Amino acid sequence: MGNVLDVLQERGFVEQVSDPEGLRQALAKPVTFYIGYDPSASSFHCGNLLTIMAAAHMQRHGHRPILLVGGGTGMIGDPSGRSEMRQLLDEERIAQNVAALRAQLARFIDMDRALLLNNADWLLELRYIPFLRDIGRHFSVNRMLAAEAYRARMETGLSFIEFNYQLLQAYDYLYLHRQYGCTLQMGGNDQWGNILAGVDLIRRIEGAEVYALTFPLLTTASGAKMGKSASGAVWLDAEQYSPFDFYQYWINTHDDDVERFLRIYTFLPMDEIKELGRLRGADIRQAKARLAYEVTSLVHSPAAADQARDASLALFADGDVSDAVPSTTLDARELAEGIPVLTLFERVGLCGSRSEARRLIQQGGAYVNDERIESVDAVLSSEDVVTGELLLRAGKKRYHRITIE
RNA sequence: GGGCAGGUACCCAAGCGGCCAAAGGGGACUGACUGUAAAUCAGUUGGCUACGCCUUCGGAGGUUCGAAUCCUUCCCUGCCCA
């Protein structure tokens, strides 16, 4: 088994590394590393997926992950517009979120050989004076101000809280180093400065050499932030983002992103990825299908991936409906009385408002059972039901199934 | 605490008494073209019981026939001073 660093580099996980040679040598033996996560949501999204994959690669090479949720730092994350009450509530919710996040992580990481920690456990009890005396004195304001990240913020204003964020994150690293022998912190490239601050702090206080590695901040070829779709973030949670839509998200990957994403978001061997990457023209769809299948399979399950794949093929190749398409049930009596298309599109969430549904119809983007709705006033009744269902479609790709009962 | 500049729709940003549901750009959506891609072109982009009505221009009052535009006050942001 080679060095993980090579694997990470080959697959495109590495943006910057402090002391590459030192880290390479350190990784020859099992190390403990950590990655921080924001616990303000109850699910990870595609943006986090990259870091989870990286952690999984690390663990597969014998290293021990610490997944750190920022329950403490999260409470000061965004100081503007938050009341005291709000923050207290958050503390309770964080606990629930952490449980949900743990379940998602377990799909990628053997949680028996990993640690899931919350920095609130040690940050909340910090005392100000000792902290200033022991930690604060190692930080140079001059140096912090010189950092690019802060210089940019100097234009728009930088609150004292934000300024302290770096100290707390550095302290996290120090804490984990002391308690668990953590010698590597990984994170998004925007965290580079904060991570290095931790590296410095540990060197000063402990005299130990620890490492930093950052991931590239992925954007799609069209410039959008990774993991964002029209309907918001692409969540890993099936409740918040159905496996079918999830699969579709990946199928719709930009041509130029396919190989890059295969490297990062799947465990497929590099040979196979390179082969898929050589596909050109319409054949690239095969690579996209593979990508979508693999990622869906990892995040949800092989069964869900099968279903999503079949549903996708059926809809876009044969025009058949499948169980995996998001669906809603409708009372047969209500349908018998007649229900306006407008209402239905709005109700199932295909449109955000009735006006939006009206526009959709006027622009010719509304379909029921693959027939274009021509009139804004169209009303559906029992006669429109085919094999117990109605199939709604908004535009080319957004489907919703209505089952009648 | 003082002075100055600001807070406009998803984001950026015009408007500075009526012609403003509010220019322009970005984004997004729909249509055409296509490979469920990109690029390109066209249209749309507050809500509704819809050729009309209602709610929006930081909050609350006020002036006026009429305000996003003027006045008062409060909140918030940035810069400068303390």
Side-chain angles (χ1 to χ4, degrees), chain A residues 78-83 150-162 219-234 242 244-262 276-277 279-293 295-296 308-322 324-326 338-343 345-347 349-368 370 372-379 391-400:
Chain A
D78 181 13
S80 59
R82 301 252 169 153
S83 68
Y150 287 104
R151 210 183 320 154
R153 294 304 315 268
M154 291 298 283
E155 302 289 325
T156 54
L158 180 65
S159 80
F160 186 61
I161 281 182
E162 285 178 87
T219 53
T220 66
S222 46
K225 218 181 222 172
M226 193 57 205
K228 296 283 181 189
S229 76
S231 41
V234 179
S242 80
F244 173 75
D245 287 330
F246 187 82
Y247 182 91
Q248 287 298 315
Y249 174 80
W250 293 98
I251 274 284
N252 286 314
T253 298
H254 186 113
D255 282 9
D256 299 341
D257 288 328
V258 175
E259 189 177 339
R260 197 160 51 114
F261 288 179
L262 279 167
L276 287 168
L279 296 172
R280 285 291 170 271
D283 291 339
I284 286 183
R285 281 180 303 162
Q286 293 168 32
K288 291 183 185 179
R290 195 65 206 274
L291 173 68
Y293 183 84
V295 184
T296 308
R309 190 236 283 119
D310 294 345
S312 179
L313 280 174
L315 277 177
F316 291 99
D318 310 330
D320 286 343
V321 198
S322 148
V325 176
I339 181 162
V341 175
L342 217 53
T343 306
F345 270 74
E346 192 255 358
R347 194 192 293 175
L350 244 24
C351 294
S353 69
R354 314 191 82 240
S355 292
E356 201 178 308
R358 185 180 301 267
R359 261 178 248 127
L360 185 72
I361 294 171
Q362 281 165 349
Q363 293 176 141
Y367 297 80
V368 172
D370 273 318
R372 182 178 275 181
I373 299 300
E374 303 291 347
S375 163
V376 170
D377 301 315
V379 173
L391 181 64
L392 308 188
R393 189 175 117 211
K396 291 192 184 77
K397 302 178 198 166
R398 288 151 52 224
Y399 286 87
H400 198 98

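Chain letters run A, B, ... following the sequence lines, proteins first, then strands; residues in each count from 1. Keep in mind that what you see is a predicted model, and the values were worked out from it rather than measured. Keep in mind that the numbers below use all heavy atoms, side chains included, and drop hydrogens, waters and symmetry copies.
The listed nucleotides are B:U36, B:U49, B:G35; the one nearest the side chain of A:Arg358 is B:U49. Comparing B:A37, B:C33, B:G47 by their closest approach to the side chain of A:Lys396 singles out B:C33. Set against B:A37, B:G31, B:G35, the side chain of A:Arg285 has B:G35 as its closest nucleotide.
Position along RNA chain B of the nearest nucleotide to A:Ser353 versus A:Gln248 favours A:Gln248 as the more 5'-ward residue. Between A:Gly395 and A:Arg359, the residue anchored closer to the 5' end of RNA chain B is A:Gly395, taking for each the nucleotide with the nearest heavy atom.
Between the CG atom of A:Asp370 and the CG atom of A:Leu392 there is a distance of 11.0 Å, given to the nearest 0.5 Å. Between atom CD1 of residue A:Ile339 and atom CG of residue A:Leu342 there is a gap of 10.5 Å, rounded to the nearest 0.5 Å. Within the model, atoms NZ of A:Lys396 and CZ of A:Phe316 stand 10.5 Å from one another, a figure rounded to the nearest 0.5 Å.
Rounded to whole Å, the C1' atom of B:G24 lies 14 Å from the corresponding atom of B:U8. Of the P atoms belonging to B:A67 and B:G17, the separation is 14 Å, rounded to the nearest Å. One C1' atom belongs to B:G26, the other to B:U34, and the distance between them is 25 Å to the nearest Å. Nucleotides B:G27 and B:U64 are separated by 47 Å at their P atoms, to the nearest Å. Spacing between B:G6 and B:C16 at atom P, rounded to whole Å, works out to 14 Å. Across B:C53 and B:A22, the matching P atoms stand 14 Å from one another, rounded to whole Å. Taking atom C1' in both B:A38 and B:C57, the straight-line distance is 37 Å, to the nearest Å. When the P atom is used for both B:G2 and B:C74, the distance is 10 Å, rounded to whole Å.
For B:A14, there is no paired nucleotide, since no Watson-Crick or G-U wobble pair has both relevant distances below 3.5 Å. Searching all strands for a Watson-Crick or G-U wobble partner of B:U40 with both distances below 3.5 Å returns B:A32. Under the Watson-Crick or G-U wobble criterion, with both distances below 3.5 Å, B:G6 is paired with B:C76. Nucleotide B:C19 forms a pair with no other nucleotide shown, judged by Watson-Crick or G-U wobble geometry with both contacts under 3.5 Å.
Nucleotide B:G31 holds its P atom 13 Å from the CD1 atom of A:Ile373, rounded to whole Å. Spacing between atom CD of A:Glu374 and atom C1' of B:U30 amounts to 14 Å, rounded to whole angstrom units. One atom, CG of A:Leu276, and another, P of B:A37, lie 19 Å apart when rounded to the nearest Å. For the pair A:Leu313 CG and B:U36 P, the interatomic distance rounds to 11 Å; values are reported in whole Å. Atom NE2 of A:His254 and atom C1' of B:A39 are 9 Å apart (whole Å). Taking atom CZ on A:Phe345 and atom C1' on B:U30, their separation rounds to 13 Å, with Å as the unit. For A:Arg260 and B:A38, the CZ to C1' distance is 15 Å, given to the nearest whole Å. Between A:Phe261 atom CZ and B:A37 atom P there is a gap of 16 Å when expressed in whole angstrom units.
Counting any heavy atom pair closer than 4.0 Å across all strands shown, A:Leu360 reaches sugar-phosphate atoms only and no base atom. Across all strands, A:Ala394 comes closer than 4.0 Å only to sugar-phosphate atoms, never to a base (heavy-atom distances). At the heavy-atom level, A:Arg398 lies under 4.0 Å from the strands shown only through sugar-phosphate atoms.
Between the side chain of A:Arg398 and the backbone N or O of A:Leu350 there is at least one donor-acceptor pair closer than 3.5 Å. Using modelled atom types, no side-chain atom of A:Arg393 and backbone atom of A:Tyr367 make a donor-acceptor pair closer than 3.5 Å.
Side-chain atoms of A:Gln363 and base atoms of B:G31 include no donor and acceptor less than 3.5 Å apart. Side chain A:Asp255 to base B:G35: a donor-acceptor pair is found below 3.5 Å.
Summarising the geometry of A:Lys397 relative to A:Asn252, their closest heavy-atom pair is NZ-OD1, 3.3 Å, with the distance given to 0.1 Å.
Between A:Arg354 and the phosphate of B:U49, there is a side-chain N or O to OP1/OP2 separation shorter than 4.0 Å.
A heavy-atom distance below 4.5 Å is found between the side chains of A:Val368 and A:Phe345.
Look at B:C51: its glycosidic torsion is within 90° of 0, and that puts it in the syn range.
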